[in-house]
Amino acid sequence: MPRPYDPKAIEAKWTKRWLKEKTYEPNFLRAKRPFYNLMMFPYPSAEGLHIGSVRTFSGVDIYGRFKRMQGHDVFEPMGLDGFGIHSENYALKVGKHPADLAKVTAKNFYRQLSEIGNGFAWDERLETYDPKYYRWTQWIFVQMFKRGLAYRRKQAVNWCPSCKTVLADEQVISGECERCGTAVVKKDLEQWFFRITEYADRLLKNIDALNWSEKIKIAQKNWIGKSEGVEIKFSLEKIPGQKDGAHSVTVFTTRPDTLFGATFLVISPELADQWMHVGWRAPEKVRRYVAAALKRRIGEPAAGDRAKTGVDAGFVAVNPATGARIPVWVSDYVLAGYGTGAIMAVPAHDQRDYEFAKQFGLEIVSVIDPVTGTPQENPREKKKIVAFVEDGDAVLTVQWGPELGGRLLIGGTVEDGEDPAATARREIAEETGYTDVELIERAPETVHHRYFAPSKGIAFHAAVTVLRFRLNNKKRNAQKLEENERGKFVVEWVPKSQALREVTDPLHRYALAKYGEGMVYDGPGVLARSGKFTGMPSEEAKWAVAEAVGGTRVARYRLRDWLLSRQRYWGPPIPMIYCDACARANKGERADMPGWYAVPERELPVKLPQVKEFRPTGIGVSPLASVRSFYEARCPACNAKARRETDVSDTFLDSAWYFLRYPSVREAKRPWHSAITKKWLPVASYIGGAEHAVLHLLYARFLTMVFHDWGMVDFEEPFATFRAHGLITKDGAKMSKSKGNIVNPDEYFRQYGADTMRTYLAFLAPLEQGGDFRDEGIRGITRFLERVWKFYDGAQFSARSDNAVARAAHRAADKVGRDIEALQYNTAISALMVLLNEFERRPDAVGRREAMRFLQLLAPFAPFIAEELWDRLSGKGSIHCSRWPEVDPRFLKDETVQIAVQINGKVRDHIALAPDTGAVDARKAALALPKVREMLGANEPKKFVYVPGRIINIVI
RNA sequence: GCCGAGGUGGCGGAACUGGCAUACGCGCAGGACUUAGAAUCCUGUCCCGCAAGGGUUGUGGGUUCGACUCCCACCCUCGGCACCA
């Protein structure tokens, strides 16, 4: 008796059953093949789960279910990243207390999460705002303090005027607050930092070995931003009231080879400010400039486009290479937080220095000549003549190799967009009369040359592609070449876009007028005007020059320390106490931080008090600063009246270690269980958003590395593999509140059921790609699952399948398995559809084994319907714990294959051949085809290409 | 500007290592069933052409018996970084 497919009923039934039987709870200590299948836990907001998150979560679950069926003990936990600005801002908006709101949103989230059909290990759920959790977040902070990795310092920091708190560098996106999009400003505040820079080099080095999405690895590398260079000391003179040479300044440069061209020196306003504090009596205009620069907002005027400003400091520095006295300037184009906060300026070879020099009329000396080799070393150079074509977009020169007598043949133009090789070939053919001009070599790298254009009287530097040709065939046209001149051509192609980089002095004006102001040559070359280093290649000169002036090699990083304090309410209070008495006596837990003590571990957690007034104050302190019962404390050392730290820590600290806690949530005495951690971590598979490339993913790596160094875990990297999922659009447009096109998962899951929605979301596109959500598209999946239901409902399967059906089933199992492993669920589902089509075409040929096999393949995507039908076919136990079907390779091969027969590359016919047919037989069969005979006539084919099992191509 | 990803039918997307471009699905058109519609089923559906045939993977070129795939140049879209010396 046919029953209609009723997803609601079977979902309810199996959800209950799975929970009761703890189908998805691993045994942490006894598991044989642990597989930690992790997704980024959400920060709950009142809007509920985003459809994009649902897609990711169910996508991760598909993978987890597959792994479970492969015999792994899969652990798939879920929790809430509920502390933090995001949740708090929402609470502010609706005028509710974040703690109250958290209860409501948690309930809503867990309800939604339980309806998407995931095999979550619910017993291990966690919430970051739970004191049982943040006790350990605080404990981590205490350890960081005790071991010198947490420190407090006053400096210019990012401040979000809307969120009224400071932010880490990583949380400023293009000058705006990561949370609310408000333009971030600079503020001078004393704050807590984590010394992540100490790990910069290791964080960088480990990246290569990580099995992560490539773009995330690159983003992290760029963010850490290692530059290798040299620190050079410049001694200072003519500082009013100071002896010459009494002071010096150290600059960082990656181009010590340009030292001879350093015509002035620039220090950052912050450094100038520091100097003024230690006694530099700066001129009034310098003071004014520094004060203004320090106040300036970042992010407001587009940093790179802004005209350079600056002021002469009024004293000079000695260039250690030339001995020249060069002026020292103060300018905000030099950043305080990078290098030493001071630079040597080489206006001839650095774009920014050039702009600054132009602005203030400073000297420009060119010391790098972008010429490879000197004319003497390279006899070709003399014989080269360049045709300079004014209207063309490029210059083509063709020259004889010197061994051929060095006669100029041709010159011509190459338009941008044209291939140099093809153009050169054509030109050569025209000029020489040779018809077969073969490209035999293309230089792998672009070479720099200096050219001289006689017609214009200018010299210019060019990036050149070198091509070599050989003339093979006999000439057909008028003979322009002597027979003995046959040989190789060297063709150098110069695209205009790369052509001009810099012009040497006598022709400076002309070239700048022609090619535009402000182009600077910053590439490698040969040193000029550099004393005894003149003529040395710049790469080599880097270290030679550095050594000659006593420079030290150093590596510098773009990465800054992690600013951890937040002047907000909804987070774990930073567990520190400040004692005024101890500070005055210069005592403290750490010598470098008088007055500061960590809260004793037995007193953790420092509970976040439930207060009425939790709004951010906006004056640089947390709302907790006005809660006396909270901040009043006793000094752990001297028991005097002391004050608690009232800032809370960054949300990203909460999430930087949660994966360590999940398997150990029941631990009360330590943050994680060591044996369980050893067994289950690092995380086997982690999938989440690419937006966390330099946020969560970097912080988690950092902390894990720290824990490793402390002997708390035995691995350095927390996530063995990480894949970034794509973003989902609705009807081709980005989903946003303002557009009102946000998909509410609840409605869809209610209407279609979890199986349909999961399968649909998986079918959109590969998980790592985006995907476009369209309501009409769901119908396809609805139809598919209904057809599945109908096919199985009441069906009697025979004992054995027909051979072709068995083959199709094996093939599908093979493809689905490989596709799931590659997170290409869309093609896996398409394979299932193909198999179902096959089944429906010949239902009587489908045996019970194959019928069950299909359900197993479907199970990761549509776990409920698969389980229900499996149960009715009296499969043993849960389908989700059954073994993934083995693929018999014998079934993957076909006895005969239809292969295409091409004539001159066009498909003209097909022929059925066994894949192991030999070339002779294949040829015979192909040439016997009427179509081939007709086209071939009496001729023999010029060429016969046969790729067994794939294609035949006959060239006639 | 720099770094990264991508560009294939009306739409989402397939195509193993260079081997029949457009699998699978949506949509659309026609038909069957039905009093009727939804549903369901069948057929067709890259473009031009009645057909034979020709053309087609952002554009232009190259390599190859053969190119969505490799090479060169360019255009466009999306994402990240952005005075990091």
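Naming convention: chains lettered A, B, ... in sequence-line order (proteins, then strands); numbering from 1 in each chain. These numbers were taken from a predicted model, which means no experiment stands behind them.
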Any idea which of [options] is nearest the [X] side chain?
| X | options | result |
| --- | --- | --- |
| A/Asn837 | B/rC81, B/rC20, B/rG25 | B/rG25 |
| A/Ser830 | B/rC20, B/rA23, B/rC41 | B/rA23 |
| A/Ile951 | B/rC20, B/rG25, B/rA85 | B/rC20 |
| A/Val955 | B/rC65, B/rC20, B/rC26 | B/rC65 |
| A/Gln898 | B/rC83, B/rC20, B/rC65 | B/rC20 |
| A/Ile343 | B/rC16, B/rA21, B/rA85 | B/rA85 |
| A/Arg783 | B/rC81, B/rA85, B/rG27 | B/rG27 |
| A/Lys734 | B/rG79, B/rC65, B/rC41 | B/rG79 |
| A/Arg779 | B/rA85, B/rC81, B/rA39 | B/rA39 |
| A/Val947 | B/rC65, B/rU40, B/rG19 | B/rG19 |

Do A/Arg908 side-chain and B/rC20 base share a donor-acceptor contact under 3.5 Å?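 Answer is no: no donor-acceptor pair is held.
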
How long is the straight-line distance from CG of A/Leu858 back to CD1 of A/Ile829, given to the nearest 0.5 Å?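 Going from CD1 on A/Ile829 over to CG on A/Leu858, the span is 8.5 Å.
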
Once rounded to the nearest 0.5 Å, what's the spacing between atom CZ of A/Arg55 and atom OH of A/Tyr760?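 If I round to the nearest 0.5 Å, the distance is 10.0 Å.
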
With B for base contact, S for sugar-phosphate-only contact and - for none (protein heavy atoms under 4.0 Å), nucleotides 5-13 of chain B reads ------SBS

Euclidean distance for [atom1], [N] against [M] (whole angstrom):
| N | M | atom1 | result |
| --- | --- | --- | --- |
| B/rG18 | B/rC70 | C1' | 8 Å |
| B/rA39 | B/rA32 | C1' | 14 Å |
| B/rA15 | B/rG9 | C1' | 15 Å |
| B/rG30 | B/rU22 | P | 26 Å |
| B/rC75 | B/rG60 | P | 15 Å |
| B/rG58 | B/rC78 | C1' | 15 Å |
| B/rA38 | B/rG6 | P | 42 Å |
| B/rA5 | B/rC65 | C1' | 34 Å |

Determine: side-chain N/O of [X] to OP1/OP2 of [N], distance under 4.0 Å, yes or no.
| X | N | answer |
| --- | --- | --- |
| A/Arg558 | B/rA82 | yes |
| A/Tyr333 | B/rA85 | no |
| A/Lys815 | B/rC16 | no |

For A/Phe944, is the NZ or CZ atom of A/Arg923 found under 6.0 angstrom from the centre of its six-membered ring and inside 45 degrees of the ring axis?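 The answer is yes; both the distance and angle limits are met.
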
Pick the closest RNA chain B nucleotide for A/Ile173 and for A/Asp353 by heavy atoms, then say which residue is nearer the 5' end.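 Its nucleotide being nearer the 5' end, the pick is A/Ile173.
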
Quick check on ring-ring contact (aromatic ring centres under 6.0 Å, His included): which of A/Phe356, A/Tyr338, A/Phe360 does A/Tyr333 satisfy it with?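 Among A/Phe356, A/Tyr338, A/Phe360, the one meeting ring-ring contact (aromatic ring centres under 6.0 Å, His included) with A/Tyr333 is A/Phe356.
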
[X] and [Y]: side-chain donor and acceptor closer than 3.5 Å?
| X | Y | value |
| --- | --- | --- |
| A/Trp223 | A/Glu170 | yes |
| A/Asp169 | A/Asn158 | yes |
| A/Tyr289 | A/Thr309 | yes |

Does A/Val901 reach a base, just sugar-phosphate, or nothing at all? Heavy atoms under 4.0 Å.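 No contact.
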
Opposite nucleotide pairing with [N], Watson-Crick or G-U, both atom distances under 3.5 Å:
| N | answer |
| --- | --- |
| B/rC81 | B/rG1 |
| B/rA29 | B/rU43 |
| B/rU57 | none |

For the residue pair A/Phe773 and A/Tyr748, is the inter-centroid distance of their aromatic rings smaller than 6.0 Å?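 Yes; A/Tyr748 has its ring centre under 6.0 Å from that of A/Phe773.
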
In chain order, what residues pass the side-chain hydrogen bond (donor to acceptor under 3.5 Å, both in side chains) check against A/Arg553, with sequence neighbours excluded?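 Once residues adjacent in sequence are excluded, A/Arg553 has no partner under the side-chain hydrogen bond (donor to acceptor under 3.5 Å, both in side chains) criterion.
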
